[in-house]
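Everything on this sheet refers to the single structure shown next.
The structure displayed is predicted, hence computed values, not measured ones.
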Amino acid sequence: MAEAYDVQEIERKWQARWRDEGTYEVESDDPRPHFYSLCMYPYPSGAAHQGHVRNYTFGDLIVRHRTMHGFAVLSPMGFDSFGLPAENAAIKTGVHPRPFTDARIAELKESITRLGAVYDWRREVRSHDPEYIHWTQWIFLRFLEAGLAYRRKAPVNWCPGCQTVLANEQVLADGTCERSGDVVVKRDLEQWFFKITAYADQLLDDLDTLDWPARVKTMQRNWIGRSEGAEFELPIVGGSSIRVFTTRPDTSFGMTYVVLAPEHPLVPELTTAGQRAAVEAFVAEVSTHTEVERQSTEGPVNKRGVFTGSYAVNPFNGQEVPVYLADYVLMGYGTGAIMAVPGEDQRDWDFAEAYDLPIVPTVQRPDGWVGQAYTGDGPAINSQWLDGLYKAEAVAKAIDWLEEQGIGERKVNFRLRDWLLSRQRFWGCPIPVVYCPEHGAVPVPDDQLPVLAPDDVEFRPTGESPLRFHEGFLQTACPTCGKPATRETDTMDTFVDSSWYYLRFADPHNAEAPFDPAVVAQWLPVDQYIGGIEHAILHLMYARFFTKALADLGVSPKELREPFARLFTQGMIRMGGSKMSKSKGNLVAPAKYFDTVGADALRLFHLFVGPPADDVDWSEQTDEVIDGCARFLARVWRLATGEVATVDGAPRPAGNLDRATHALIAKVSEDYDRWSYNTVVAACMEFTNLLYKHVQADGTIPNEPVDTLLLLLAPMVPHVTAELWERRHPGEHVHAQAWPTFDPALAAALTETMIVQVNGKVRDRIEVDAGIDEAEMERLAMASPKVQAALDGSRPAKVVARPPRLLNLVR
RNA sequence: GCCCGGAUGGCGAAAUCGGCAAACGCGAUGGUCUCAAACACCAUUGCCCGUGAGGGCUUGCGGGUUCGAUUCCCGCUCCGGGCACCA
């Protein structure tokens, strides 16, 4: 491999300098304009992997680039240090999660440092630090007071592998645990929830204010799942009534049956004596099904429902319709009951066919339309006073009618559920609540925070937190009456920790509050947030909820409605078609590159390999490309240290070097701004090749082009550029220089290559003055023998000119 | 099933507003240096025909708009991701 310089020595030297001199430490009262750059703080799983390298390369580049543009850049780093792997290791080895975690933080920190990424380490935050636990618990208590945290018995997602409850967001579409892959089952448990649904509308609407990838916004919109419609009462023949939710009140005349969820509370009442055996068998059968089986669309539809024996009255036309149960109707959404309109809903159509129920279309099908249920727009039919109206109008009129009748109203439903935060685990933030036989759930007073877990616990896979078996922790006194009480032994979902860490970074050592809102206002929102696409829903939704709730509670600035103004989601690293990850065992450790080609070369590879948002395929060729990056840096080194040899007879390249330099600044500056780092690298390589030709011809090179190259590369490859700059400018630091500016007049080309096309095909290229006019273009083109040959003697019937670059002659 | 994104040489990719397709790099081939190798440096490298000059073809497939389409429109195929009985 190319060894123009001692990579290891130089990288060590500069990493030590940046650390010892506190180069990237900033104060909140810094007079420069503020910029907050943040990479998602990592779960400390040990030494960095290529995903980290990619993430922190982009983040570090932003920090250095913004600094060179005159900003005071806040660049903090911390660790999402609570979580399952440390506890699972504890169960296996008996080692307490804290030393296990601390050791992994040290490893990760070491590899981040070796990458050359710079942070204000004074601000380091770790989820498992007692101070951080203190304020996480304090925030929980504020949420509790405000009614945003509450406890209820709920059917929850239980993962037998992880031995804990999961949030809806952590259960995959196939009903398995996102972490262990075990099939998740339902259990009824008393659990703590955050009322994220109270912010459903804001979480949806405020997406419009964010400069985020459209893909992430769409995923969040779908997850929130807002649907507008109506809720109304249906009288039961000879009895009470049931409420249904529908998004298509315009099709109500086509309701030919009603379906309830098997868990619906009215089921016993509605079941007639004749149907009781069948209904009970059905309900029992459904309850044994796992979530996976229930969510499956496979299997015969006629085994999935049962008739209750009762009839409801369709209030629109007075018709009596049968009431069924079906497993596909969910108790957790809407009212747990639906009006079925098989004419306009395919699932209802399938059910109607299976149970031989009538189908009445209520929307006119377009001419020539074939199919079953029709979900498109069209004039209403078979709908009395709605006939002829199109969907939007018919919906509005139907709801108005329901409201006039006093039996229903407009209603918005969300797919989003409240956030279940209880975890039956040890290695998380304890929930600061005490249970008193007399006073129930009592919050731990602020002055008794933090509630810390003891160290002398036994780690056993029991399905309950080890805290439950620790008498010293469990037994306490009721804060209200002082009588014996027990502590909550569940801990919080680790997503709670990551929902506010970016606020703590602004004011990380505040002992009176989680942070001072005035200091937060100086930095937040985060100007540039960088992380993986895998957090598109969970973390990013929870953090947005926290930001809104904390602002409303007066904990953070009132006007801070969103945490992350701009978001960038980097692509994944793949290997052999699947994501590179520890669990897949296909990691390629960065350390081997740090030890050989160096961090600069590895950084350059990640920037050069393709657009930052695209996935990267780690292939057999990758090492060769990384070597190529190291080779380029060695070329830059030789150029900047005057080690490039002349070549006998080498021609001096055409064109003016100043012009080339200014054109490079213009292009590279723009490409940095649009995150097109791969083309920045390409442009710098091309420029380096040009400078080589100059040296090879002249034996020398002016300073300005070389210095410019070093400045433009400085955010990408910080070590080698810092060293070269210091050698060329003793006592100076490249990253303290201002970003180079360009003269637009110099950056613009003097001559252009005019393309002459005949009938759209390129027939000649002519070097012309950049200020050429159309007449001159045509004159030059007609003088070209190649063009004459292509025209074959005929005069062009039409001439399209786009000075100075293009002329198209059409025969 | 629905919603997004993608498809360009042997490979990673570029073409920013509809105007030279393939910049830059990897790999490959040939050469200089060397006793030799490594390193470094130079040159060639989309495909087909042709000794050559040159000609033809080419951005997943089929149409369309346009003087001109990798780019815009319509219809497909394949790949990746998200959601998936949400009434």
Would one find a side-chain N or O of Thr247(A) under 4.0 angstrom from OP1 or OP2 of rC86(B)?
no
Contact class for Val800(A) vs. all strands (heavy atom < 4.0 Å): base, sugar-phosphate, or nothing?
base
OP1 or OP2 of rC41(B) versus the side-chain N and O atoms of Arg635(A): is any pair under 4.0 Å?
yes
Between Arg802(A) and rC67(B), is there a side-chain N or O to OP1/OP2 distance below 4.0 Å?
no
Nearest to the side chain of Arg763(A), heavy atoms from C-beta on, is which of rG80(B), rG56(B), rA43(B)?
rG56(B)
Is any side-chain N or O of Lys786(A) closer than 4.0 Å to OP1 or OP2 of rA53(B)?
no
The test is side-chain contact (heavy atoms from CB on, under 4.5 Å); show your working for Thr256(A) and Ile359(A) and say whether it passes.
CA-CA 7 Å; Thr256(A) 54; Ile359(A) 297 170; 5.8 Å; no
Please list, chain by chain and in numerical order, all residues satisfying ring-ring contact (aromatic ring centres under 6.0 Å, His included) with Phe687(A), sequence neighbours excluded.
none
Reading nucleotides 20-27 of chain B from the 5' end, what letters show protein touch, with B for base, S for backbone sugar-phosphate only, - for no heavy atom under 4.0 Å?
BS-BBSBS
Provide, to the nearest angstrom, the distance between the CD atom belonging to Glu534(A) and the P atom belonging to rG80(B).
19 Å
With both distances under 3.5 angstrom, what nucleotide forms a Watson-Crick or G-U wobble pair with rC24(B)?
rG12(B)
Just checking Tyr692(A): base, sugar-phosphate only, or nothing, at a heavy-atom cut-off of under 4.0 Å?
sugar-phosphate
Syn or anti for rC76(B) (syn when the glycosidic angle lies within 90° of 0):
anti
Looking at rG50(B), which nucleotide sits across from it as a Watson-Crick or G-U wobble partner, both distances under 3.5 angstrom, or is there none?
none
Can a side-chain donor-acceptor contact be found between Thr753(A) and Glu767(A) if the only test is distance below 3.5 angstrom?
yes
Given rC67(B), rG80(B), rC86(B), which nucleotide is nearest the side-chain atoms of Ser227(A)?
rC86(B)
Which base, if any, makes a Watson-Crick or G-U wobble pair with rU65(B), both distances under 3.5 Å?
none
Which of these passes side chain to side chain contact (heavy atoms under 4.5 Å, CB included) with Arg54(A): Leu607(A), Val609(A), Leu602(A)?
Val609(A)
OP1 or OP2 of rC42(B) less than 4.0 angstrom from a side-chain nitrogen or oxygen of Gln696(A), does that happen here?
yes
Classify the side-chain pair Gln50(A)/His606(A) by whether it contains a donor and acceptor separated by less than 3.5 Å.
yes
Those residues that, when tested against Asp348(A), pass side chain to side chain contact (heavy atoms under 4.5 Å, CB included) (two or more places apart)
Tyr257(A), Tyr328(A), Ile338(A), Ala340(A), Pro342(A), Asp345(A)
Name the pairing partner of rU70(B), where a pair is Watson-Crick or G-U wobble with both distances under 3.5 Å, or state none.
none
Would you mind telling me which of rC86(B), rA13(B), rU16(B) lies closest to the side-chain atoms of Arg415(A)?
rC86(B)
rG80(B) pairs with, by Watson-Crick or G-U criteria that keep both distances under 3.5 Å:
rC4(B)
When all nucleic acid strands are considered with a 4.0 Å heavy-atom cut-off, which category describes Arg226(A): base, sugar-phosphate, or nothing?
nothing
Between Gln621(A) and Ser619(A), is any side-chain donor less than 3.5 angstrom from a side-chain acceptor?
no
Paired with rU32(B) by Watson-Crick or G-U wobble geometry, both distances under 3.5 Å: which nucleotide is it?
rA40(B)
